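I have placed the structure first, in the form of structure tokens, so that the comments after it can refer back to it.
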Amino acid sequence: MPSPVRGRAHVLGGGAQEFTGRLAHYTGRVSRGEDIAVHAPALPTVFIHHEELADLLSWAATADFTGPVNACSDGPLDVRGLTGIVAAQAGRKAVHRIVPAGEKASPFSFDRHYAMSNARAKKLGFAFSRTTDWLPGAVAAALALPAAPTD
């Protein structure tokens, strides 16, 4: 029996189909010049484009291996790297506000390690893209959407 995908990254892309609003949080705040709440040592996380995740699931369903694999594009990013890409696409500057320990931060700002390894899937033959190759396009699609209410 083919193996399930065990771990998943934060799935982004798809413009209006991206229903979580997490990327829209960043595109909206950067576009409006609003600050973004971040942890002082914001630690990296991993992302995957929605189409790449679909490709991985299709590959895993027909592959001849057992056991779980993690699903994430190559290249973890912290919240500052993510907002830098958003800012470049929006033609604005990202403004960060450091939150005190224990205070809520923005959706992709983490005070703990939240990345995973896709090494097993790669060893089994799946080729992942680099996050920085597809993220600018996902951000551009999010920026093209009608403005969401401020949060």
Side-chain angles (χ1 to χ4, degrees), residues 5-61 69-151:
V5 174
R6 178 182 66 169
R8 288 186 305 257
H10 303 286
V11 182
L12 297 178
Q17 296 172 349
E18 189 175 306
F19 63 90
T20 67
R22 295 174 297 181
L23 188 54
H25 168 84
Y26 291 102
T27 58
R29 293 191 75 81
V30 169
S31 294
R32 294 186 299 267
E34 297 171 356
D35 65 28
I36 297 162
V38 299
H39 294 96
L43 298 176
T45 189
V46 289
F47 300 92
I48 191 165
H49 191 270
H50 71 106
E51 292 175 347
E52 184 169 32
L53 180 57
D55 291 344
L56 177 74
L57 291 170
S58 177
W59 167 81
V69 294
N70 288 328
C72 59
S73 299
D74 288 334
L77 285 176
D78 67 14
V79 68
R80 288 174 183 86
L82 173 69
T83 58
I85 291 170
V86 172
Q89 290 290 315
R92 301 288 305 251
K93 181 179 178 185
V95 179
H96 301 113
R97 176 179 54 85
I98 305 296
V99 297
E103 185 178 315
K104 186 177 177 180
S106 60
F108 295 128
S109 181
F110 299 102
D111 58 357
R112 66 196 180 287
H113 188 73
Y114 208 79
M116 65 178 72
S117 171
N118 61 14
R120 182 163 190 261
K122 287 168 44 173
K123 183 178 176 184
L124 291 167
F126 190 82
F128 289 95
S129 67
R130 293 207 51 80
T131 303
T132 52
D133 290 341
W134 59 260
L135 188 54
V139 168
L143 285 166
L145 296 173
T150 60
D151 32 318

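Just so it is clear, the model here is predicted, and its values are computed rather than measured.
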Considering only heavy atoms from C-beta outward, does the side chain of V139 approach that of T27 to under 4.5 Å?
yes
Value for CZ (F47) from CG (L82), rounded to nearest 0.5 Å, stands at 5.0 Å
Which is it for F108 and T83 under the side chain to side chain contact (heavy atoms under 4.5 Å, CB included) test, yes or no, and what are the steps along the way?
CA-CA 10 Å; F108 295 128; T83 58; over 6 Å; no
K123 side, atom NZ; S117 side, atom OG - distance, nearest 0.5 Å:
11.5 Å
Would D74 and V46 count as a side chain to side chain contact (heavy atoms under 4.5 Å, CB included) here? Give the steps.
CA-CA 8 Å; D74 288 334; V46 289; over 6 Å; no
Work out which heavy atom in F128 is nearest to a heavy atom in A121; give both atom names and the distance.
CE1-CB, 3.7 Å
Go through D78 and L43 one step at a time and tell me if the side chain to side chain contact (heavy atoms under 4.5 Å, CB included) criterion holds.
CA-CA 5 Å; D78 67 14; L43 298 176; over 6 Å; no
Check each of V95, V86, I36 against R29 using the side chain to side chain contact (heavy atoms under 4.5 Å, CB included) test, and report the only one that passes.
I36
Say you draw a straight line from CD1 of I48 to OG1 of T131; how long is it, rounded to the nearest 0.5 Å?
8.5 Å
Taking the side chain as everything from C-beta on, heavy atoms only, tell me whether E52 gets closer than 4.5 Å to S73.
yes
Heavy-atom closest pair, residues R80 and A42
NH1-CB, 3.3 Å
If every non-hydrogen atom of L56 is compared with every non-hydrogen atom of A71, which pair is closest and at what distance?
CD2-CB, 3.1 Å
Using the side chain to side chain contact (heavy atoms under 4.5 Å, CB included) rule, pick out the option among E18, H49, H50 that qualifies with V11.
H50
How long is the straight-line distance from CE of M116 back to NE2 of H113, given to the nearest 0.5 Å?
9.5 Å
Could you give the distance from CD1 (I85) to OG1 (T132), rounded to the nearest 0.5 Å?
6.5 Å
H39 and F110 aromatic centres sub-6.0 Å:
no
Just verifying a value: how many Å separate R92 CZ and L143 CG, rounded to the nearest 0.5 Å?
11.5 Å
Kindly say whether A37 contributes a backbone atom to a donor-acceptor pair with the side chain of S106 at under 3.5 angstrom?
yes
Any side-chain heavy atom of D35 sitting closer than 4.5 Å to one from H96?
no
Would you mind checking if R97 and E103 are paired as a salt bridge, meaning a charged N to carboxylate O distance below 4.0 Å?
yes
Side-chain heavy-atom pair I98, V38 within 4.5 angstrom cut-off
yes
Quick one, P41 and D111 - any side-chain contact, counting heavy atoms below 4.5 Å?
no
Closest non-hydrogen atom pair between C72 and A9, with its separation:
CB-CB, 3.6 Å
Ignoring hydrogens and geometry, is there a side-chain-to-backbone donor-acceptor pair from N118 to N70 under 3.5 Å?
no
